[in-house]
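Everything below concerns the one structure shown next.
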Amino acid sequence: MTRKLQPGTRLVVASHNPGKIREINDLIRPFGISAVSAGELGISEPEETETTFAGNARLKALHSAKSSGLPALSDDSGLEVEALGGDPGVYSARWAGASKDFTYAMQRVEQQLQENFALDPDSRRANFTAALCLAWPDGETEVFEGKVFGHLVWPPRGEKGFGYDPMFLADGETLTFGEMESEAKHTMSHRARAFALFVAACLDKRDG
Ligand code: IMP
């Protein structure tokens, strides 16, 4: 049975990414939970050595929970391309290289798709996945996973969002994630879906 986060709890956000920390803070504030980031507590970032999103999310959340003595929430996410056997997957950030150049990362994906003659939408199927993990200092963990399916377009379109957003067109949409307003992306994104599962399982809405 899922352990709930009680109002008044301090939660460590197991991330050093200010954008992710802000998003998580906004999400949990209505539930009376306050968040502090791993960076603010001086907790290091562990190496992501697992081969699944859930595995890496678990590793990051456990590291923060054990270091701080507080419950911790992590996020691990990425793009999986069917024709590339699920690549870049857990290596999505690393495909952009040390300079975090996602124009280069998208070109790498496109080049491999072309080498596989993946030119029509059906052969360019892809999904974003996000795994959120809540870990407790005693080692208990729970993972919530969200996905959004679509296909990859070329050339990339739009300058909103981040990462691989400009080449991802969700099923039933005409705008890529790079062209969509963030509010629209948040109604359907992998991360929003994982958050919804986390909220339903671990947080109680406050009365009033
Ligand atoms: P993480 O910080 O190790 O979880 O790396 C996630 C990587 O996956 C990011 O650097 C992006 O490249 C990619 N990614 C995850 N979520 C999204 C998204 O919503 N849009 C675009 N790229 C994403």
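Counting starts at 1 for both ligands and their atoms, in listed order.
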Under a 4.0 Å threshold between the charged nitrogen and the carboxylate oxygen, would Arg3 count as salt-bridged to Glu140?
yes
Under 3.5 Å: donor-acceptor pair, side chain of His63, backbone of Glu47
no
Which of the atoms of ligand 1 are close to Glu48, meaning less than 4.0 Å from one of its heavy atoms?
3 (O)
How far is atom 16 (N) of ligand 1 from its nearest protein heavy atom, and which residue and atom name does that atom have?
Arg191 NH2, 2.9 Å
Identify the closest protein heavy atom to atom 14 (N) of ligand 1: which residue and atom is it, and at what distance?
Phe162 CE1, 4.0 Å
Whether the Glu115 and Gln111 side chains hold a donor-acceptor pair (N or O, under 3.5 Å, no angle test) is what I'd like checked.
yes
Specify the protein heavy atom at minimum distance from atom 4 (O) of ligand 1: its residue, its atom name, and the distance to 0.1 Å.
Ser77 N, 3.0 Å
With no hydrogens and no angle check, is any side-chain donor or acceptor of Ser15 less than 3.5 Å from a backbone partner on Ile21?
no
Greater than 12 external heavy atoms within 6.0 Å of Arg10's CZ:
no
Are any side-chain N or O atoms of Glu179 and backbone N or O atoms of Thr176, one a donor and one an acceptor, separated by less than 3.5 Å?
yes
Within one Ile-Leu-Val-Met-Phe-Trp-Tyr cluster: Leu11 and Val199, side-chain cutoff 4.5 Å
yes
So for Phe128 against ligand 1, with non-hydrogen atoms under 4.0 Å, the contacting part is side chain
At under 4.0 Å between heavy atoms, is it the side chain or the backbone of Phe102 that contacts ligand 1, or both, or neither?
side chain
Show which atoms of ligand 1 fall inside a sub-4.0 Å distance from at least one heavy-atom site of Lys185.
18 (C), 19 (O), 20 (N)
Which residue supplies the protein heavy atom nearest to atom 20 (N) of ligand 1, what is that atom called, and how far is it?
Asp165 OD1, 2.6 Å
Which residue and non-hydrogen atom of the protein lie closest to atom 22 (N) of ligand 1, and at what distance in Å?
Tyr164 N, 3.3 Å
Lys100 and ligand 1 - part of the residue with a heavy-atom distance under 4.0 Å:
neither
Step-by-step side-chain contact (heavy atoms from CB on, under 4.5 Å) determination, Lys147 to Arg193:
CA-CA 7 Å; Lys147 289 180 187 283; Arg193 288 177 177 162; 5.9 Å; no
To which protein heavy atom is atom 2 (O) of ligand 1 closest, and what is the distance rounded to 0.1 Å?
Lys20 NZ, 3.1 Å
Does even one non-hydrogen atom of Asp76 get within less than 4.0 Å of ligand 1?
yes
